[in-house]
Structure formats: C-alpha cells, structure tokens
Number of protein chains: 2
Amino acid sequence: MSGMAQTNTRTTRRFAYVPGVHDRAPTTARSPIKAVAEDKTDIGPLAAIATAVAFQPGAQILMEGDPAEHLFRITSGVVKVYRTLADGRCQITGFLFVGDFVGLAPEDTYLAGAVAVGPVTVSRFSRKKVELLVAVSPLVARLLLRRACSELIAAQDQMLLLGRKTAAERVASFLTQIGRRADGDHIELPMTRTDIADYLGLTIETVSRTMTQLREDGVIDVHRAKVHVLRPAELEARAEAA
Amino acid sequence: MSGMAQTNTRTTRRFAYVPGVHDRAPTTARSPIKAVAEDKTDIGPLAAIATAVAFQPGAQILMEGDPAEHLFRITSGVVKVYRTLADGRCQITGFLFVGDFVGLAPEDTYLAGAVAVGPVTVSRFSRKKVELLVAVSPLVARLLLRRACSELIAAQDQMLLLGRKTAAERVASFLTQIGRRADGDHIELPMTRTDIADYLGLTIETVSRTMTQLREDGVIDVHRAKVHVLRPAELEARAEAA
DNA sequence: CGAGTTTTTGAGGTGAGTCAACGCGTGTGG
DNA sequence: CCACACGCGTTGACTCACCTCAAAAACTCG
C-alpha cells in the first residue's frame with residue numbers, strides 16, 4: 001500500500017501524472033499527525049527555530065520539484081530519499097536516520113523526493129532562517145557541512161555499489177550497512193523489498209533470490225523483515241568492503 | 001601518461017599492490033610542476049592560506065587511505081575522483097572542474113582517490129587551517145557547504161544513472177552533461193574511454209558501441225576525443241533527463 | 001475466512017559483459 | 001623515411017547475470 005513515490009513498475013508505468021492512482025498517497029500521506037520531539041545528543045542554535053512535526057508511514061515529506069521551503073532533521077524513524085525518471089523508474093539515493101538532515105539543497109527547489117518509511121518525527125526549520133543562521137553561526141554551518149560531507153561519502157559508496165558490484169555483493173553490502181546501526185546480529189529491515197531493490201539498482205525478484213541464496217548458504221536467517229546474521233564475517237566478505 | 005588508479009582490467013587484476021607495473025605512475029606523477037594561479041570569479045579569506053600547485057596528466061592528487069592533510073580547489077584542468085574495490089574494479093564517482101573542491105572529507109583519511117585527467121592546477125589549503133577558518137568565517141563555511149550540496153545533487157543524479165538507466169541513456173546523459181560546460185555543440189572529451197566506462201558503470205566496449213550507434217543514428221559525430229553534437233534535442237531525449 | 005498485498009519461486013529472454021582480433025594514430029629507432 | 005611497437009579505440013562472436021513475465025505461497029487485516 002502506501003502512497004510512496006512510484007517505483008519500478010513494469011506494467012504500470014507512470015507517464016507524467018496519473019490521477020486517481022497515485023493521488024491517494026499525497027492526500028492521506030502529506031499529513032503531519034502529532035508533534036513529538038525525542039532527539040538527544042545534539043547541538044544547535046537551530047533549536048530555537050525548530051518545529052516538531054510527525055509523519056505517518058508512507059507520508060511524503062518532500063516532493064521532487066517542490067519549492068524548497070524547509071529543512072528537516074530526523075528525530076525518530078527512517079526516511080527514504082529518491083529520484084525518478086519520467087517513465088517511473090525509481091532510484092532510492094539513500095536512507096536517512098535519526099540525526100540526519102532531509103532537504104539539503106543548494107537550489108530553491110527540491111531535486112529529490114523524500115518519504116517516511118515508517119512513522120517519522122522531525123524537527124522542521126524554515127529554510128530562510130537556516131540560511132540566515134548559516135551566515136552568522138559557524139557552528140550551524142559546520143554542523144551542516146559535516147553532515148553534507150558524510151552524505152557525500154555515503155553517496156560515493158553507493159555509486160561504487162551501483163556501478164561495479166554484483167547483485168550478491170550489493171545485498172551483502174546492504175545488510176552489513178544496515179547491520180552496523182543495529183546492535184547485535186538481529187536486523188529489522190524497516191523498508192520493503194521494493195525499497196531495497198530501488199536502493200540497490202535491482203529488481204525485487206533478484207533481491208529475494210539473493211537473500212534466499214544467503215539463507216541456503218547459512219550466512220543469514222531471513223523471515224520477512226527480520227534478518228538474523230549467522231556468520232557476520234562471511235557476510236562482510238561477500239560485500240567486498242561495504 | 002597514466003599512472004592512474006587501476007581500472008577494470010580483466011586480465012591484469014590488482015591484488016593489493018603490484019610493484020613495477022603501477023609504480024612508475026605515483027613516482028613520476030606525484031610531482032607538482034609549476035605554480036600557476038588563474039582562477040577568477042571567486043571569494044574567500046581562504047585566499048590568504050592558498051598555495052598554488054600544478055599536476056601533470058595522470059598525477060595522483062590524493063590517494064585512498066592517505067591522511068587527509070590538504071584541501072584543493074581546482075584553478076584549471078579536470079580531476080577524476082574514484083573508488084576502488086580490492087580486486088581492482090573501479091568506479092569514478094565524479095569529474096571535477098574549475099572551482100570545484102577536491103578532498104572534502106569528514107574523516108581524517110581520504111576515502112576516495114583523485115587523479116589529474118589532463119594538466120591541472122590547484123590552490124592547496126592546509127586542512128587544519130581550513131577547519132579553523134570554517135569555525136570562524138561563515139563565508140568560508142557557506143562556500144564549502146554550497147559546494148558540498150551541489151556535489152551531493154550530482155551524486156544523486158549519478159546514482160539514478162547507475163542504478164536505473166540503460167547503457168544508451170547513460171552515454172547520452174554523459175554527453176549532455178559534458179556538453180553543458182562546453183560552448184556550442186563541439187565537445188572535447190578530456191578523459192579516455194576507460195574513464196568514461198568507469199564513470200558510467202559500463203565497459204569500454206559498451207561505451208564504444210553505444211557511441212557508434214549514436215553516430216550511425218546521426219545524433220553525434222565522433223572522432224576520438226572530439227564529439228560534434230548534430231542533434232542536441234535528440235541526444236537529450238535519449239538521456240531521459242540528464 | 002477471504003480479499004488484497006508482499007514475498008518467493010520458476011522458466012525463459014536479453015542487455016551488457018567477456019574474450020579476442022583488428023585498426024589507427026603516435027612515438028621511436030634503425 | 002619507413003618499420004615497428006605501443007596505447008587506445010573499435011568491432012565481432014559468444015556468454016551469462018540479471019530482468020521479465022507468470023504463478024504460487026505467505027502474510028496482513030477486515
């Protein structure tokens with residue numbers, strides 16, 4: 001379900017805008033629900049201009065092409081950032097977690113869409129005010145710069161994955177990557193197979209088959225969203241450096 | 001020529017480090033030649049701490065894993081930034097041009113390599129001094145932030161390309177992208193076919209075949225490094241949004 | 001329990017990779 | 001000045017990893 005950005009549908013391709021099909025999503029989705037704030041180890045004179053906002057699973061946080069009016073910082077939940085082609089092919093460029101900024105854009109328009117994977121709460125900042133703060137507070141500027149740089153590094157990792165890794169290596173890399181922020185060897189995947197496929201540049205079938213292979217090889221134990229890493233070293237070896 | 005980072009050699013795979021083969025490169029390459037400064041429309045109290053440095057074609061500007069001691073800003077020429085896997089597979093994550101920064105890293109180690117594609121001149125800054133400046137001058141911080149953000153956007157474009165575009169679309173996207181900074185419809189490609197392949201996540205054979213196809217379709221005229229765009233609209237159409 | 005959705009599995013097709021040979025420009029030395 | 005070697009790019013024949021289409025299985029929720 002969910003009104004997420006159109007993914008790689010083969011039969012249902014989205015040319016321009018098809019009303020009635022993808023409409024429900026933005027409608028029900030783009031609705032902040034309740035105001036929660038449960039951030040922790042962080043800094044900022046940004047705090048003074050923050051508004052707490054919450055999004056339901058599948059809610060559109062920002063849309064490709066919309067005017068860039070806000071900057072968000074995730075206080076809980078997972079967000080997927082994506083780009084799409086005119087015919088509906090979709091590439092998730094990254095998953096963002098607590099502490100990450102959503103909506104970093106040098107232009108006045110968002111060039112990527114962002115959707116809440118599960119329930120998400122964020123701090124919302126007015127873009128204008130942020131820019132004023134950046135021009136005054138080196139602390140804020142440094143914070144944003146640091147985040148932007150690490151996103152850049154992550155993006156380079158992903159380009160290496162997309163350009164040069166096999167399907168098996170991609171899935172293994174993905175699992176080790178997600179595994180790093182889980183404690184222990186029990187991983188709960190918050191996103192669907194479609195999301196994973198759109199993130200790894202594969203099809204859902206290939207993702208499924210590859211995970212089955214990992215299971216049959218005794219590297220992991222999979223049951224839907226739950227993954228138990230049985231042999232972490234082997235998994236990392238198959239990732240060829242994550 | 002070339003002591004460039006090992007590319008996708010199938011026969012000659014680079015396990016760890018093969019002396020005698022790739023040695024010549026770093027040796028002759030890592031040699032600043034002459035100090036030139038021909039930058040223009042730009043700002044910065046950075047200027048005060050800049051050292052002008054020049055690199056020969058193929059020179060290693062920075063190496064994966066080296067301690068991050070400097071930040072560079074290109075004053076002329078083209079630089080390729082790349083990541084490699086242990087077995088030698090290489091992904092060029094971006095080409096950088098005049099005004100771009102090389103060496104943006106949040107860690108104290110470079111995570112990507114950078115090589116001069118042609119002759120390159122740069123302004124070199126001590127990393128420590130830059131960090132001090134960032135902590136003091138919002139102007140510098142904003143400049144770096146802006147650049148980092150646009151690199152991030154470019155990276156997202158590239159992820160979409162690598163994850164979801166066909167070979168034909170990749171090559172067309174690449175040509176329109178390069179074409180944008182060339183004036184008129186005559187493009188001079190400063191990089192080799194191998195570089196293009198490593199940038200587009202393809203093989204040199206596929207790049208070659210695809211360009212041949214574009215030529216046979218009357219979209220472009222190719223002769224080695226020179227490309228004449230005959231039908232720009234058609235090229236952009238084949239790029240599916242660049 | 002049944003309708004809808006997500007995931008898995010199967011069977012077959014294909015776009016890009018692999019391996020191999022050749023052409024072409026450039027530099028070098030006899 | 002030409003023979004030769006070398007690096008780069010092109011072309012051809014064949015293979016295969018992943019995609020496509022299709023259906024079954026497993027889960028979710030009313």
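Here is how names work: the chains are called A, B, and so on, in the same order as the sequence lines, proteins then strands, and each is numbered from 1.
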Open item on the list: So, taking the atom named CD1 in A/I220 and the one named CG in A/D185, what distance separates them when rounded to the nearest 0.5 Å?
Closed with: 12.0 Å
Open item on the list: Does D/dC27 have OP1 or OP2 under 4.0 Å away from a side-chain N or O of A/H223?
Closed with: yes
Task: Listed nucleotide nearest any side-chain atom of A/T212, set D/dT10, C/dT9, D/dC19 - done: C/dT9
TODO: Go through C/dT7, C/dA16, D/dC19 for me and flag the one nearest to the A/L202 side chain.
DONE: D/dC19
Task: Distance, rounded to the nearest Å, where B/R89 contributes CZ and C/dA16 contributes P - done: 19 Å
Task: Distance test, side-chain N/O of B/R215 to OP1/OP2 of D/dT11, below 4.0 Å - done: yes
- [ ] Ignoring the backbone of B/R224, work out which of D/dC18, D/dT20, C/dG23 is nearest its side chain.
- [x] C/dG23
- [ ] Output yes when at least one side-chain N/O atom of A/T203 is less than 4.0 Å from OP1 or OP2 of D/dC19, else no.
- [x] yes
Open item on the list: Using the side-chain heavy atoms of A/R209, tell me which of these nucleotides is nearest: C/dG25, C/dT9, D/dC18.
Closed with: C/dT9
- [ ] Mind calculating the distance between CD1 (B/I204) and P (D/dG7) to the nearest angstrom?
- [x] 14 Å
Task: Nucleotide of C/dT9, C/dC19, C/dT7 approaching A/E205 most closely (side-chain heavy atoms) - done: C/dT9
- [ ] Ignoring backbone atoms, establish whether B/T206 has a side-chain N or O less than 4.0 Å from OP1 or OP2 of C/dG15.
- [x] no
TODO: Answer yes when B/D217 and B/R238 have at least one side-chain N-carboxylate O distance shorter than 4.0 Å, and no when they do not.
DONE: yes
Open item on the list: For a quick test of reading the model, state the closest non-hydrogen atom pair linking B/V222 to B/R215 and the distance between them.
Closed with: N-CD, 4.1 Å
Task: Closest to side chain of A/S208, choosing from C/dG17, D/dT10, C/dT9 - done: C/dT9
- [ ] Return yes if a side-chain donor-acceptor contact under 3.5 Å exists between B/T75 and B/T121, otherwise no.
- [x] yes
